[in-house]
There are 2 protein chains.
Amino acid sequence: MIKSGSSFLREITRLTVQDLGLLEKSKVSCCNVSLSQCHAVVEIGRAAEMSLNDLAQVLNLDKSTMSRVVNTLVENEYVDRLIDQADRRYIRISLTEKGKHLYQSIENNMNQYFEDIFQKIPEHKQKEVTENLELIMNILRNKQD
Amino acid sequence: MIKSGSSFLREITRLTVQDLGLLEKSKVSCCNVSLSQCHAVVEIGRAAEMSLNDLAQVLNLDKSTMSRVVNTLVENEYVDRLIDQADRRYIRISLTEKGKHLYQSIENNMNQYFEDIFQKIPEHKQKEVTENLELIMNILRNKQD
DNA sequence: AATGATTAGTTGCAATTAGAAACTGTTTTG
DNA sequence: CAAAACAGTTTCTAATTGCAACTAATCATT
């Protein structure tokens, strides 16, 4: 296998996904939420407020599945579901206080994970690495248009 | 939010995971294999041969679930399952020719995805980015001891 | 303004997928 | 040689999922 930058990028993704899978599973088991629910909470938290379709799209789930996941989250008081008064076909999904706490706790775990990695980069290289990572991030963002 | 290198790394992982989820779903639908089966094929292909427990561990699945996934893959002739003659409690899971083809096709998709990203990095920066990515990859690998 | 098409979300249904626990067969240990 | 440990399978049951049919709201066209 050619050891190119792209293969390193792939391996980085592979390893992080695997690590985060474990991390998420521990979160899931300690908070009595399923993995889908956990992902949903993160996405809602990031967007502050979103519709069901938005959520289904980012999570790659069928809208019926999404509807039920949200339903469970409402029942467990992690999210609020309100009808959009401007267009009453839509629902506005947002986190409750309880949901925000869960979100913050997940965020803290995630940030800690990535911060730990970053801190292992020799200090004199951190600036350069940051610039390069930003470059890659922007390429990825531009892909999604 | 502080725009540090760690947050870029996190965002890169986020975006790639999302893209690859879509990529995998298309693969899954065209090859009549489930997502778990798809992941299993990739891991078996990477390791060439592994036990059920090994596989369950990398994929974060229960061994009973893993057993069934492997079973389906054997039925669909993607993998061979042989009893290890040195210790007959173990099974040796490996790809059939058909499985290798599927694996190669998944690999090609993945490599293409990452290669496309990498090619968008200005040529004069590619060497530097590669070095930095390798650094991060090694940090991640050392985490898993 | 009426009605037909579109859109957002929910629900019924069937199939898949999951884990826990009990079980089988093998190897290791004392 | 018995018992503990281990790898994998099977049984049972619960959760998760997607598709299709449905409801309700809005938009578009006349």
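Numbered from 1 within each chain, the chains take letters A, B, ... in sequence-line order.
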| Quick one: is B:S67 getting a side-chain N or O under 4.0 Å of the D:dT10 phosphate, OP1 or OP2? | no
| query | A:T65 side chain N/O closer than 4.0 Å to the phosphate oxygens (OP1, OP2) of D:dT17? | reply | no
| task | Please state whether the base of C:dT10 and the side chain of A:R81 form at least one donor-acceptor pair under 3.5 Å? | result | no
| query | Any donor-acceptor pair under 3.5 Å between the side chain of A:R68 and the base of C:dG9? | reply | no
Can you check the [X] [atom1] to [N] [atom2] distance for me, whole Å?
X     : N      : atom1 : atom2 : result
B:Q37 : C:dT16 : CD    : P     : 11 Å
B:L61 : C:dA20 : CG    : C1'   : 15 Å
B:L59 : C:dG19 : CG    : C1'   : 16 Å
B:Q57 : D:dA7  : CD    : C1'   : 13 Å
A:Q85 : C:dA8  : CD    : P     : 17 Å
A:N71 : C:dT10 : CG    : C1'   : 9 Å
A:R89 : C:dA8  : CZ    : P     : 6 Å
B:E75 : D:dT9  : CD    : P     : 12 Å

Modelled atom types, side-chain donor and acceptor of [X] and [Y], under 3.5 Å:
X      : Y      : answer
A:Q112 : A:D116 : yes
B:E115 : A:S6   : yes
A:S64  : A:D62  : yes

With respect to the side chain of [X], which nucleotide from [options] is positioned closest?
X     : options                : value
A:D87 : D:dA25, D:dG18, D:dG8  : D:dA25
B:S51 : D:dG8, D:dT17, C:dG9   : D:dG8
B:N53 : D:dT26, D:dG18, D:dG8  : D:dG8
B:S34 : C:dA18, D:dC27, C:dT17 : C:dT17
A:S64 : D:dG18, C:dA8, C:dA21  : D:dG18
B:R88 : C:dT26, C:dA20, D:dG8  : C:dT26
A:K63 : C:dA8, C:dG12, C:dT27  : C:dA8

| side chain to side chain contact (heavy atoms under 4.5 Å, CB included) evaluation trace for A:V33 with A:V41 | CA-CA 10 Å; A:V33 291; A:V41 166; 6.0 Å; no
| task | State, yes or no, whether a side-chain contact exists between B:V69 and B:L73 at a heavy-atom distance under 4.5 Å. | result | yes
| remark: Contacts of A:N60 and A:D84 projected onto DNA chain D by closest heavy atom; the upstream (5') one is A:N60
